[in-house]
Amino acid sequence: MHQVNNFINGEFVEAESGRRFDKRSPVDNSVIASVAEAGRADVDRAVAAAKAALTGEWGQLTVDQRVDLLHGVADEITRRFDDFVAAEMADTGQPHHVMTHAFIPRGAANFKVFADIIKNVPTESYQMATPDGRGALNYGLRVPKGVIGVISPWNAPFLLMTWKVGPALACGNTVVVKPSEETPLTTTLLGEVMNSVGIPEGVFNVVHGFGPDSAGEFLTQNRSVDAITFTGETRTGTAIMKAAAEGCRDVSFEMGGKNAGIVFADADFDAAVDGIFRSAFLNTGQVCLGTEKVYVERPLFERFVSALKQKAEAVKYGRPENHGANYGPLISREHQDKVLSYYRKAVEEGATVVTGGGIPEMPAELAEGNWVQPTIWTGLPETASVIREEIFGPCCHICPFDSEQEVIGNANANDYGLSTTIWTNDLARAHRMAAAIDVGITWINSWFLRDLRTAFGGAKQSGIGREGGVHSLEFYTEMRNVCVKL
Ligand SMILES: NC(=O)C1=CN([C@@H]2O[C@H](COP(=O)(O)OP(=O)(O)OC[C@H]3O[C@@H](n4cnc5c(N)ncnc54)[C@H](O)[C@@H]3O)[C@@H](O)[C@H]2O)C=CC1
Ligand SMILES: O=C(O)/C=C/C=C(\O)C(=O)O
């Protein structure tokens, strides 16, 4: 069995307490790894190593040298592509093609893109008049914020962790990462990459464990952590924000969503069905940007429901290594229980189950895995639980609509505001809708099309702050102003 250790100051180490926990495979719940659980002493040691590295060799590098090293990290991820694909498949149980086409290449890109941004983005400069007529010149100086605590989730573990580590390191910070307890493997593998390309010790550290009263909480409580970037559930964000209030430390949060997909009758029908299918069911619905409530203009409604049903019923269940499979299990038994409880609640609240609603029949060797059927409902009022609450599973409710105002109201009617996907060929309408829906990210005639230079984050309870492009620089650096009297 795989022994996974913490990565502190450039070394893979056991927890001081010797405590370990099991990592189980989502496909059959067999134990696939034993993971060292960091206690407070281990976390404090990782933070101290990160603090020391700020003023060591890493802190003395020129921007060009740092950029070269981060390009090296990206190249090494690409060289060890198969190892990362295998580790991420083992962690999540998700299909091979999702890893090879999206999650692992994106992890490598997260290092290259932010290295290039830090090299090319200028700082501001203002000339000013002074009473003596000689004037003064102001210029901005970006400095790293310090030690960044990175707390990441399980649903796209490598992509979402590197999305934070890439810009944090590009800006000259050091990091202590606490990956989700459900997905320890790829973050640990990144430690090997850091060592092999010569990232100095202490710059990248990994502590494994859980949230409350474990590594996650210990990391947020350590006052030498200068800022915390977190992706996960909104209620976890609330706990982290309370911890960060001690010492008034900065936070960047990417959290839950309950995203609407909106299809107008003039949309390209096949593209809209494909797009909503992906946004509802990719990664078994475990995508924060995914669609769990779909609104279809009435003339198209029946045809759309039937086309989406057909696609949902055609998914191929299977192990990730099975290249014919395109649909994996949920991450854990606990999450399977949560999703199934919503499947039951939808029926109790009066839904028509168009397809799915339960556990699929699986061959004996996979019967213990966390499988659930892709599920579609119709017929519920907007007050229903499955229309209001984030499920984070492979399911959506489809509702007909008659007017723009009606659908805007329904899209906005919840506490989240992460993303939306709108399908129409009327561009004027698309722009009106984009301005009216209260979310951080709107896709028109597409979904999850990502340019890493753009702002990424959520409105309302879906997030605090923006990352991506220059917005990441705002979070991961302190901007100083230098005023020179001429
Ligand atoms: N807005 C976005 O970009 C994204 C948001 N998400 C959201 O993430 C959630 C699913 O991920 P999960 O891993 O279940 O989220 P989670 O909030 O349960 O856990 C995320 C991380 O926080 C840690 N944690 C939990 N309690 C903590 C505490 N008190 N102090 C410090 N750390 C703590 C966990 O160990 C894990 O590493 C969904 O709500 C989803 O919408 C997921 C991906 C992207
Ligand atoms: O593209 C990003 O930076 C974020 C993507 C988010 C997910 O992949 C997710 O929530 O699954």
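In each ligand, atom 1 is the first atom listed, and ligand 1 is the first ligand listed. What you see below is based on every heavy atom in this structure, not just the backbone, and it leaves out hydrogens, waters and symmetry mates.
- Salt bridge present: Asp226 and Lys51 bring a charged side-chain N and a carboxylate O closer than 4.0 Å.
- No more than 12 heavy atoms of other residues, nucleotides or ligands sit less than 6.0 Å from atom CZ of Arg19.
- The pair Arg142-Glu474 counts as a salt bridge, with a side-chain nitrogen and a carboxylate oxygen less than 4.0 angstrom apart.
- Atoms of ligand 1 found under 4.0 Å from any heavy atom of Leu160, numbered from 1 in the order shown, are 43 (C), 44 (C).
- Contacts between Cys288 and ligand 2 below 4.0 angstrom, taking non-hydrogen atoms only, involve backbone and side chain alike.
- Polar contact with ligand 1: present for Glu181 (N/O pair, distance under 3.5 Å).
- Every atom of ligand 1 with a heavy atom of Ile151 under 4.0 Å away is listed here by number and element: 21 (C), 22 (O), 23 (C), 31 (C), 32 (N), 37 (O).
- Each of the following atoms of ligand 1 lies closer than 4.0 Å to a heavy atom of Glu217: 30 (N), 31 (C).
- Counting only heavy atoms from C-beta outward, the side chains of Leu185 and His2 approach each other to under 4.5 Å.
- Every atom of ligand 1 with a heavy atom of Glu390 under 4.0 Å away is listed here by number and element: 38 (C), 39 (O), 40 (C), 41 (O).
- Applying the 4.0 Å criterion to heavy atoms of Gly216 picks out, from ligand 1, the atoms 30 (N), 31 (C), 32 (N).
- Heavy atoms of Leu452 found under 4.0 angstrom from ligand 2: none, in either backbone or side chain.
- Nearest protein neighbour of atom 5 (C) of ligand 2, counting heavy atoms only, is Phe448 CZ, 3.6 Å.
- Aromatic pair Tyr476/Phe114: centroids not less than 6.0 angstrom apart.
- Using the six-membered ring where Trp is involved, Trp377 and Tyr343 have ring planes that are perpendicular, over 60° apart on the 30 and 60° scheme.
- Ion pairing between Lys258 and Asp415 fails under the 4.0 Å rule for side-chain N and carboxylate O.
- Close approach of ligand 1 to Asn155 (heavy-atom distance below 4.0 Å) involves ligand atoms 42 (C), 43 (C).
- Under 4.0 Å from ligand 1, not a single heavy atom of Ala243 appears.
- Counting the atoms of ligand 1 from 1 in the order shown, those under 4.0 Å from a heavy atom of Phe210 are 35 (O).
- Between Phe230 and Phe253, the ring planes lie perpendicular to each other; the angle is over 60°, past the 30° to 60° tilted range.
- Summary of contacts: the protein heavy atom closest to atom 5 (C) of ligand 1 is Met255 O, 3.0 Å.
- Under 4.0 angstrom from ligand 2, the non-hydrogen atoms of Asn155 all belong to its side chain.
- The distance criterion of under 3.5 Å between nitrogen or oxygen atoms is not met by Phe456 with respect to ligand 1.
- For the ring pair (Phe, Tyr, Trp, His ring centres under 6.0 Å) test with Trp163, the passing option among Phe475, Phe158, Phe456, Phe103 is Phe456; the others fail.
- Enclosure of atom NE2 in His101 is not indicated, since only 12 or fewer non-hydrogen atoms of other residues, nucleotides or ligands lie within 6.0 angstrom.
- Heavy-atom proximity to atom 17 (O) of ligand 1, evaluated over Thr236, Ile240, Leu418, Thr183, is greatest for Thr236.
- When the shell of 6.0 Å around CE of Met362 is examined, it contains more than 12 heavy atoms from other residues, nucleotides or ligands.
- For Leu289, no heavy-atom contact with ligand 1 is shorter than 4.0 Å.
- Shortest contact from atom 13 (O) of ligand 1 to any protein heavy atom: Trp154 CD1, 2.9 Å.
- Closest heavy-atom approach to atom 36 (C) of ligand 1 within the set Ser152, Ala156, Pro153, Gly457: this belongs to Ser152.
- Note: Tyr327 and Tyr317 have perpendicular aromatic rings, judged against thresholds of 30 and 60 degrees for the angle between ring planes.
- For atom 8 (O) of ligand 1, a protein non-hydrogen atom is found at a distance below 4.0 Å.
- Salt bridge status for Arg249 with Glu246: absent, with no side-chain N to carboxylate O gap under 4.0 Å.
- Applying the 4.0 Å criterion to heavy atoms of Arg106 picks out, from ligand 2, the atoms 1 (O), 2 (C), 3 (O).
- Heavy-atom proximity to Lys178, at under 4.0 Å, picks out these atoms of ligand 1: 34 (C), 35 (O), 36 (C), 37 (O).
- Using bins of under 30°, 30° to 60° and over 60° for the plane-to-plane angle, the ring pair Phe204/Phe7 lands in the tilted bin.
- Close contacts between ligand 2 and Ala156 involve ligand atoms 8 (O), 11 (O) [criterion: under 4.0 Å to a heavy atom].
- Among protein heavy atoms, the minimum distance from atom 4 (C) of ligand 2 is reached at Phe456 CZ, 3.5 Å.
- Counting heavy atoms closer than 4.0 Å to ligand 2, residue Leu160 contributes side-chain atoms (C-beta onward) but none from N, CA, C or O.
- Within a 6.0 Å sphere centred on CD of Glu11, heavy atoms belonging to other residues, nucleotides or ligands number 12 at most.
- Near Arg450, with a cut-off below 4.0 Å to any heavy atom, the atoms of ligand 2 are 1 (O), 2 (C), 3 (O).
- Scanning the protein for heavy atoms near atom 2 (C) of ligand 1, the closest one is Cys288 SG, 3.1 Å.
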